[in-house]
Amino acid sequence: MQSLVALARRSRPALATALLCGSASLLLSGPAAAVDGVIEINQAGALQGIGVGTDTAGFPVTLSESGSYRLTGNLEPTGAATDVIEVTADDVWIDLNGFSIRGGTVCTFTPPSGAACVSGGSATRGIVALGSLDGLVITDGIITGMTGAGVDATGSLISLQRIGLRSNGGLGVVA
């Protein structure tokens, strides 16, 4: 316990105070937040609800509060047709962290006829941010197999960094 308190004093004085006062259990409840304040998202969390803003259990995962979010595993919705992540707030940073948002659609490209897609999943769009949202950043991962667009950010200001988009039935990005 002493080494934990010492670490907390150096990095987060409020945490050290909470630990010394015996209220550490209060800090452990709520959404899965990494030490750096980033909300973590994985398949199990998506199915239970991430505990932030208006998100509820199941897909889509709704990011209704500004902040940073990080995948800690692949997201693969099953069941009824749905979007995977829906952004409804300004200033949202989504780090796919090398993971994938996966649907079941498989597309092949054969010249000169073009692309042919076979839907095998329930993921409609990977990340959706409709309306006039500012500051959406999506980094470091792959969005694949959607029946529609990989990213649909119509009317929003968006930045994509190191994103792979493949085998989506719609456009890779609609912005």
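Predicted, not measured: the structure shown is a model, and the values here were computed from it.
- Of all heavy-atom pairs between L136 and A129, the closest is CD2-CB, 3.6 Å.
- We find the CZ-CG distance between R70 and N42 to be 12.5 Å, quoted to the nearest 0.5 Å.
- In plain terms, the two heavy atoms of F59 and V84 that are nearest each other are CD2-O, 3.6 Å.
- S66 and D90 are not linked by any side-chain donor-acceptor pair at a separation below 3.5 angstrom, with hydrogens and angles left out of the test.
- Linking Ile, Leu, Val, Met, Phe, Trp and Tyr whenever their side-chain heavy atoms come within less than 4.5 Å leaves L157 and L160 in two separate clusters.
- The CD1 atom of I138 sits 5.5 Å away from the CD1 atom of I143 when rounded to the nearest 0.5 Å.
- T62 and D55 get closest at one heavy-atom pair: N-OD1, 2.8 Å.
- What you find for G148 and N168 is that their closest heavy atoms are O-CB, 3.6 Å.
- Clustering of Ile, Leu, Val, Met, Phe, Trp and Tyr by side-chain heavy atoms under 4.5 Å joins V128 with L130.
- A distance of 10.5 Å separates CD of Q43 from OG1 of T72, quoted to the nearest 0.5 Å.
- Residue V173 is not grouped with residue W93 when hydrophobic side chains (ILVMFWY) are merged at heavy-atom distances under 4.5 angstrom, including chains of intermediate members.
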Review item, side-chain donor-acceptor pairs of residues 94-106, under 3.5 Å, at least two apart:
unit_1 : atom_1 : unit_2 : atom_2 : d
D95    : OD1    : N97    : N      : 2.7
N97    : ND2    : L71    : O      : 3.0
R102   : NH1    : E76    : OE2    : 3.3
T105   : OG1    : G145   : O      : 3.3

(request) Would you check, one step at a time, whether the test side chain to side chain contact (heavy atoms under 4.5 Å, CB included) holds for L63 with V52? (result) CA-CA 7 Å; L63 308 182; V52 175; over 6 Å; no

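- Counting only N and O atoms by type, the side chains of Q161 and S159 include a donor and acceptor under 3.5 Å apart.
- Note that CD1 of I85 is 4.5 Å distant from CD1 of I127, once rounded to the nearest 0.5 Å.
- Across all their heavy atoms, S156 and G131 have their closest contact at OG-O, 2.9 Å.
- For the atom pair CD1 (I158) and CG (D134), the distance works out to 12.0 Å, reported to the nearest 0.5 Å.
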(request) Just do the side chain to side chain contact (heavy atoms under 4.5 Å, CB included) check on V87 and L133 with the steps written out, would you? (result) CA-CA 9 Å; V87 180; L133 301 179; 4.1 Å; yes

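- Side-chain contact between I142 and I163: absent, with no pair of heavy atoms (C-beta onward) separated by less than 4.5 Å.
- To the nearest 0.5 Å, atoms CG (L165) and CE (M146) are separated by 9.5 Å.
- The side-chain contact (heavy atoms from CB on, under 4.5 Å) test with P77 singles out one residue from T82, V61, D83, T124, and that residue is T82.
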